[in-house]
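Step one of this worksheet: look at the structure below.
Given the structure is predicted, the values throughout are model-derived calculations rather than measurements. What you see below is based on every heavy atom in this structure, not just the backbone, and it leaves out hydrogens, waters and symmetry mates.
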Amino acid sequence: MPRIDFYILDRGGDDAREHFCCRLAARAWQQGLDVHIRTADEASAQRLDEALWTFEPESFIPHGQSSQDGHNPIVIHPDPAPGRLLINLGEDLPAQWSERERIAEIITADEAVRRAGRQRYRDYQQAGIDPRTHRIEH
């Protein structure tokens with residue numbers, strides 16, 4: 001079963017969630033993990049793709065919206081993609097979640113995001129996993 005980490009942000013908004021996701025994906029890539037960022041839809045995937053180009057202007061973080069036969073270590077897409085770490089920005093449990101090595105859930109102060117996150121937390125617990133929780137203050 002995968003290790004599951006919930007990152008609880010003290011701020012709301014898509015910008016806070018996307019920025020933290022960029023930081024988390026960059027750190028995972030630097031540690032040698034390939035990453036799948038699961039977005040809610042194509043528009044979110046496009047915004048996150050652009051955010052990864054600009055969030056750290058001095059650095060290059062290889063990514064894209066397809067794996068390109070394994071050449072993109074960070075794949076941003078609403079559909080399943082390869083990656084030892086799955087960053088779930090969707091509203092429900094991802095398909096084949098139990099086959100991942102690690103899953104990261106990013107929860108903001110927005111009520112709808114928190115409510116959906118609480119449900120996923122319960123779903124993971126019902127599957128026999130005790131997710132870890134990290135409070136992130138800005």
Side-chain angles (χ1 to χ4, degrees):
M1 293 300 246
R3 170 183 161 174
I4 300 175
D5 293 282
F6 275 74
Y7 297 92
I8 314 299
L9 308 182
D10 64 353
R11 300 184 308 163
D14 288 339
D15 289 346
R17 197 174 194 202
E18 289 173 3
H19 184 76
F20 186 81
C21 179
C22 288
R23 286 179 35 212
L24 187 62
R27 188 172 357 144
W29 169 67
Q30 290 166 347
Q31 293 174 354
L33 293 176
D34 51 336
V35 180
H36 171 219
I37 302 172
R38 178 186 180 242
T39 58
D41 53 39
E42 292 286 338
S44 299
Q46 182 64 36
R47 272 195 326 273
L48 199 54
D49 185 26
E50 291 172 14
L52 272 166
W53 285 115
T54 60
F55 96 103
E56 283 186 357
E58 308 83 37
S59 65
F60 171 72
I61 299 160
H63 67 281
Q65 294 187 33
S66 68
S67 71
Q68 296 185 351
D69 294 325
H71 295 289
N72 268 338
I74 300 173
V75 177
I76 309 157
H77 205 275
D79 296 328
R84 290 172 42 205
L85 169 63
L86 169 68
I87 300 175
N88 185 27
L89 301 178
E91 295 182 2
D92 56 1
L93 289 182
Q96 297 132 359
W97 65 268
S98 62
E99 298 172 11
R100 300 293 176 146
E101 185 176 314
R102 294 181 63 186
I103 298 174
E105 298 274 357
I106 302 171
I107 311 299
T108 63
D110 300 304
E111 185 54 37
V113 174
R114 289 204 181 225
R115 187 174 34 256
R118 286 184 193 111
Q119 182 58 52
R120 289 191 305 279
Y121 191 93
R122 285 189 294 270
D123 291 341
Y124 290 129
Q125 282 183 318
Q126 289 175 355
I129 296 178
D130 187 22
R132 299 173 188 194
T133 302
H134 312 275
R135 300 213 177 271
I136 309 298
E137 297 178 10
H138 285 90

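In the model, Asn72 has no side-chain atom that pairs as donor or acceptor with a side-chain atom of His63 under 3.5 Å.
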Listing, residues 19-30 side-chain donor-acceptor contacts under 3.5 Å, not counting sequence neighbours, or none:
none

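Members clustered with Trp53: Phe60, by chain and number, using a 4.5 Å side-chain heavy-atom cutoff among hydrophobic residues.
Residue Arg17 holds its CZ atom at 14.0 Å from OH of Tyr7, rounded to the nearest 0.5 Å. Expressed to the nearest 0.5 Å, how far CG of Leu52 lies from CZ of Arg47 amounts to 13.0 Å. The distance from atom OG1 of Thr39 to atom CG of Leu89, rounded to the nearest 0.5 Å, is 7.0 Å. Going from atom CZ of Arg114 over to atom OG1 of Thr108 covers 7.0 Å, rounded to the nearest 0.5 Å. Considering CE of Met1 and CD1 of Ile129, their distance stands at 4.0 Å, rounded to 0.5 Å. Interatomic distance, CZ of Arg102 versus CG of Asp5, reported as 5.5 Å (0.5 Å rounding).
When all heavy atoms are compared, the tightest approach of Gln125 to Pro131 is CG-CD, 4.0 Å. Of all heavy-atom pairs spanning Ala45 and Gln65, the tightest one is O-NE2, 3.8 Å. The minimum heavy-atom distance between Ala116 and Glu91, with the atom names listed, is CB-O, 3.8 Å. The minimum heavy-atom distance linking Phe6 with Arg120 is given by the pair CZ-C, 4.2 Å.
Counting heavy atoms from C-beta on, the side chains of Gln119 and Arg115 never come closer than 4.5 Å. Side chains of Val75 and Ile37 form no contact here, defined as non-hydrogen atoms less than 4.5 Å apart. Counting heavy atoms from C-beta on, the side chains of Ile106 and Ile87 come closer than 4.5 Å. Within the 4.5 Å cutoff, no side-chain heavy atoms of His36 are placed close to those of Pro82. Within the 4.5 Å cutoff, no side-chain heavy atoms of Ile107 are placed close to those of Tyr121. Inter-residue side-chain proximity for Gln46 and Ile76 is flagged as unmet; no heavy-atom pair is nearer than 4.5 Å. You'll find the side chain of Arg3 stays beyond 4.5 Å of the side chain of Glu101, heavy atoms only. Contact of the Ile61 side chain with the Phe55 side chain is registered, since non-hydrogen atoms from C-beta on lie closer than 4.5 Å.
Using a 4.0 Å cut-off between charged nitrogen and carboxylate oxygen, Arg38 and Glu105 do not count as a salt-bridge pair.
A side-chain contact (heavy atoms from CB on, under 4.5 Å) with Leu85 is found for one member of Val35, Ile103, Ile74 and no other, namely Val35.
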Determine, stepwise, if the pair His77 / Glu42 fulfils side chain to side chain contact (heavy atoms under 4.5 Å, CB included). CA-CA 7 Å; His77 205 275; Glu42 292 286 338; 3.5 Å; yes
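Side-chain atoms of Asp110 do not come within 3.5 Å of backbone N or O of Ala112 as any donor-acceptor pair.
Heavy atoms from other residues, nucleotides or ligands lying under 6.0 Å from CD of Glu111 number more than 12.
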